[in-house]
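Note on naming: letters A, B, ... go to the chains in the order of the sequence lines (proteins, then strands), and numbering restarts at 1 for each one. Computation of the quantities below employed the complete heavy-atom set of this structure, encompassing side-chain atoms and omitting hydrogens, waters and symmetry-equivalent molecules.
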Amino acid sequence: MKLGRDFFENASFDVARELLGCFVVHTTASGKIVGRIVETEAYGDSTDLASHARFGPTQRTKIMFGPAGHLYVYSIYGIFNLTNIICGPDGHPSAVLIRATEIIEGQEAAKTNVSNSKFAKANDKIATGPGKLSLALGIDRSHNGIDITNSDEIYILPRTATDKFDVVSTARIGIEYSKHSKELPWRFYIRNNKFVSKK
DNA sequence: ACATGGATTCGCT
DNA sequence: GCGAATCCATGTT
């Protein structure tokens with residue numbers, strides 16, 4: 001059973017933590033690709049100076065102000081797409097960035113996707129980092145706005161009951177410009193997991 | 001219209 | 001630790 005809207009309607013930092021161990025499923029033309037989430041980051045409203053929502057709703061970010069459970073995919077550095085899931089009640093902008101997964105199904109399709117880019121390497125860690133992850137899973141801006149609680153193409157499955165791990169929280173990556181917000185401990189990852197993007 | 005810079009990644013130093 | 005690759009959303013003229 002895929003995760004439903006109520007799972008994503010909570011605060012983004014809670015959703016980010018709860019998503020660890022869950023599975024992203026994407027059925028692509030070249031096959032089904034499944035990744036176990038091992039690293040996430042939460043982004044908030046206008047008080048979070050690292051969030052795209054800090055300037056209010058714009059053409060790009062208006063999806064963040066809509067209902068939870070939708071995908072927010074945007075391009076960065078003209079090279080990569082980053083995959084986020086909208087959280088919180090309708091009208092309150094927040095999201096979780098999926099930063100790293102361990103590919104557990106569809107390895108070959110994922111590897112092919114990554115090797116199509118000259119800016120990412122298709123080694124054994126093909127979905128370790130938000131740019132590579134989107135590439136590997138075949139997610140691009142054409143998926144922006146999709147409701148993953150009501151889609152057969154992309155959805156999230158809950159973690160398995162027997163999957164136990166420690167959660168580490170740290171400051172977020174790549175947001176040095178965001179003044180006091182850069183210290184918020186809103187990055188979460190599974191301790192000692194080798195697919196986490198940075199130590 | 002134009003200028004700016006980014007929720008990245010890799011490779012070289 | 002640093003620069004390059006590369007494009008488009010956003011803010012300014």
| said: Using the side-chain heavy atoms of A:His52, tell me which of these nucleotides is nearest: B:dT9, B:dA7, C:dG11. | reply: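 Selected nucleotide: B:dA7.
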
| query | Quick one: which of B:dT9, C:dA5, C:dC8 gets closest to the side chain of A:Ala120? | reply | B:dT9

Rounded interatomic separation in angstrom, taking [atom1] from [X] and [atom2] from [N]:
X: A:Leu82; N: C:dA9; atom1: CG; atom2: P; result: 14 Å
X: A:Leu184; N: B:dA7; atom1: CG; atom2: P; result: 15 Å
X: A:Ile76; N: C:dA5; atom1: CD1; atom2: P; result: 18 Å
X: A:Met64; N: B:dA7; atom1: CE; atom2: P; result: 11 Å
X: A:Lys125; N: B:dC10; atom1: NZ; atom2: C1'; result: 15 Å
X: A:Tyr177; N: C:dT10; atom1: OH; atom2: P; result: 13 Å
X: A:Ile79; N: C:dA5; atom1: CD1; atom2: C1'; result: 4 Å
X: A:Gln59; N: C:dT10; atom1: CD; atom2: C1'; result: 11 Å

Co-membership, hydrophobic cluster, residues [X] and [Y], 4.5 Å side-chain:
X: A:Ile154; Y: A:Ile103; result: yes
X: A:Val114; Y: A:Phe195; result: yes
X: A:Ile85; Y: A:Val34; result: no

Please give the distance between the [atom1] atoms of [N] and [M] as a whole number of Å.
N: C:dC2; M: B:dG6; atom1: P; answer: 16 Å
N: C:dA5; M: B:dT13; atom1: P; answer: 15 Å
N: B:dC2; M: C:dT6; atom1: P; answer: 23 Å
N: B:dG11; M: C:dC7; atom1: C1'; answer: 22 Å
N: C:dC8; M: B:dC10; atom1: C1'; answer: 22 Å

Kindly give the heavy-atom pair with the smallest separation between [X] and [Y], and that separation in Å.
X: A:Leu19; Y: A:Ile37; result: O-CB, 3.5 Å
X: A:Tyr72; Y: A:Asn144; result: CA-OD1, 3.3 Å
X: A:Ala100; Y: A:Gly129; result: CB-N, 3.9 Å

Once you apply a heavy-atom cut-off of 4.0 Å, does [X] come out as touching a base, just sugar-phosphate, or nothing?
X: A:Ile175; answer: sugar-phosphate
X: A:Arg172; answer: nothing
X: A:Arg54; answer: nothing
X: A:Gly131; answer: sugar-phosphate

| A:Glu102/A:Lys194 ion pair, N-O < 4.0 Å |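 No salt bridge links A:Glu102 with A:Lys194.
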
| So, A:Arg187 and A:Glu39, do they make that salt bridge, N to O below 4.0 Å? | yes

Just N and O in the side chain of [X]: are any of them under 4.0 Å from OP1 or OP2 of [N]?
X: A:Arg60; N: C:dT10; value: yes
X: A:Arg187; N: B:dA7; value: no
X: A:Lys118; N: B:dT9; value: no
X: A:Thr58; N: C:dT10; value: yes
X: A:Tyr77; N: C:dC8; value: no

| Dot-bracket line, read 5' to 3' along DNA chain B, where crossing pairs take [ ] and | marks a partner on another strand, Watson-Crick or G-U under 3.5 Å | ||||||.|||||.

| field | A:Ser181 (side chain) donor-acceptor with A:Asp48 (main chain) under 3.5 angstrom | value | no

| request: Check whether more than 12 heavy atoms from other residues, nucleotides or ligands sit under 6.0 Å from atom CG of A:Asn123, and answer yes or no. | output: yes

| task | Enumerate the residues from residues 37-51 of chain A whose closest heavy atom to DNA chain C is under 4.0 Å, giving them by residue number; use none for an empty result. | result |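 Close to the strand, none.
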
| Within 45° of the six-membered ring axis of A:Tyr43 and under 6.0 Å from that ring's centre, is NZ or CZ of A:Arg172 located there? | yes

| When you match A:Phe119 and A:Arg141 each to their closest nucleotide on DNA chain C, which lands nearer the 5' end? |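 Result of the comparison: A:Phe119.
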
